[in-house]
There are 2 protein chains.
Amino acid sequence: MSRRTTTRYAVLGMLTHGPMTGYRLREEIRASVGHFWQESFGQLYPTLRDLEQEGLVARVGGGADRGEPVELTPAGREALRAWLAQEARSLSPERHELLLQLFFGRHADPGVIAAHLDRHRERLLQARERYRQIEQFVRAETSPDQPYWLATVRHGVLLVEAGLAWNAETAARLAEETT
Amino acid sequence: MSRRTTTRYAVLGMLTHGPMTGYRLREEIRASVGHFWQESFGQLYPTLRDLEQEGLVARVGGGADRGEPVELTPAGREALRAWLAQEARSLSPERHELLLQLFFGRHADPGVIAAHLDRHRERLLQARERYRQIEQFVRAETSPDQPYWLATVRHGVLLVEAGLAWNAETAARLAEETT
DNA sequence: CCCCGCATGTAATAGGTTACATGATTGG
DNA sequence: CCAATCATGTAACCTATTACATGCGGGG
């Protein structure tokens, strides 16, 4: 059953970087778009099988040997183009558990909300560090993909920085409350 | 089967605002935390049944009449406190389809990425408008919950503004590319 | 009387993760 | 030879949405 899930296009997209095995595909996804897109094997392999049946990807050697990489077919490249032209459905149901805790924060024991904010800040700082490193790396890149890659990294940087600003502002406001 | 899902605590939390029916509960969730948390009936009613069996909520009238609101029991209030003290697991698998399209944007037909960014910008502007109105509303609020509510709204405001900054920066960079 | 809002619930479906099972190849 | 990495796949499960089914009560 092929369900026109976005996994299909994540796969087709990654294959523009060259032929890969399913295993390698997941590594590449993790290493490049991993910050905003993940795939599990349980999702990848069935998708790969479907894509092959539909003729959007093909085994490189022609045979179906184990460990044989797959490559994009012209039809696959076309399918990718078609998806790129479609509006992204915001599939993410937008569930932010920390914000939910904050919303009901008045009923928490003293200090626990401040602790949550602290931990959240730590994670954001680490994320900012990661993004900054990736940004440096991408800026040095000469690939024609570079401006597109940079765009996704910059999204990470800017959103994390906004998160930090919010974190500081919120921690200050709630600290003021308890005085 | 009670699966310690966050839905439970969204329900318990909302009931701190007073007794409600399942139907009303969903309305309230949509109207207050709807920007970062949603619940469907198919999730709500089974959860409500579980919570009642576990004694965390109880029908107000004692009887099980249709349309009878439920209220927090002391045990429910305690369960809420316990959850508030726990670290939020970032359940969101972080999947951002627009960024995925952008990452592979080089393979798109000319103009389609710019169009995506434009539409994205429109949605962000609308969201900012909504958040700003809510912020005004919440700032005027005198409830002891006010600082907590304000925190969640401010998160929306700051993140959307960062999104807009990213959008402008990215649109400019990609426009430059094509010249 | 009919429609709408309030109210409750279930079944089907979707979309995905995790755990498990298996085996080849390679380097220490 | 043994561990780690590469590689593929399936089964079980989880979480949640959507669609569907039902029914009451009030207002136009």
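Lettering follows sequence order; numbering is per chain, from 1.
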Residue among A/R26, A/E27, A/E28 satisfying side chain to side chain contact (heavy atoms under 4.5 Å, CB included) with A/M20 | A/E28

Picking from D/dT8, C/dC6, D/dA16, which would you name as closest to the side chain of B/Y23?
-> C/dC6

Do other residues, nucleotides or ligands put more than 12 heavy atoms under 6.0 Å from the CZ atom of A/R106?
-> yes

Whole angstrom value for the distance that separates P of C/dT17 from CZ of A/R26 = 8 Å

What integer distance in Å separates A/M20:CE from D/dT8:C1'?
-> 17 Å

Applying ring-ring contact (aromatic ring centres under 6.0 Å, His included), which residue pairs with at least one partner in residues 148-179 of chain A are found, sequence neighbours left out?
-> A/H17-A/W149, A/H120-A/W166, A/W149-B/F103, A/H155-B/H96, A/H155-B/W166, A/W166-B/H155

Using a cut-off of 6.0 Å, state whether more than 12 heavy atoms not belonging to A/R154 lie near its atom CZ.
-> yes

Taking the nucleotide of DNA chain C with the closest heavy atom to each, which residue, B/P46 or B/T21, is nearer the 5' end?
-> B/T21

C/dG15 P sits how many Å from A/E39 CD, rounded?
-> 13 Å

Given D/dA16, C/dG15, C/dT8, the nucleotide with the shortest approach to the side chain of B/Y45 = C/dT8

For A/G22, which contact category applies under a 4.0 Å heavy-atom criterion: base, sugar-phosphate, or nothing?
-> sugar-phosphate

Looking only at side-chain atoms of B/R49, point me to the closest of C/dT10, D/dT10, D/dT8.
-> C/dT10

Consider the side chain of A/T5, meaning its heavy atoms from C-beta on, and name the nucleotide among C/dT8, D/dT18, C/dG16 that approaches it most closely.
-> C/dG16

Atom CD of A/Q43 and atom C1' of D/dG9: how far apart are they, to the nearest Å?
-> 14 Å

Take the protein atom CG of B/L48 and the nucleotide atom C1' of C/dC6, then report the distance between them rounded to whole Å.
-> 15 Å

Inter-residue atom distance B/L48.CG - B/Y23.OH, 0.5 Å rounding | 15.0 Å

Could you check which of C/dT8, D/dC6, C/dG16 has an atom nearest any side-chain atom of B/R95?
-> C/dG16

Kindly point out which of C/dT17, C/dT8, D/dT17 is positioned nearest to the side chain of B/S40?
-> D/dT17

Roughly how many Å is it from CZ in A/F41 to C1' in D/dC13, rounded to a whole number?
-> 20 Å

Side chain of B/R24 only, please: which of D/dA16, C/dC6, C/dG16 is the nearest?
-> C/dC6

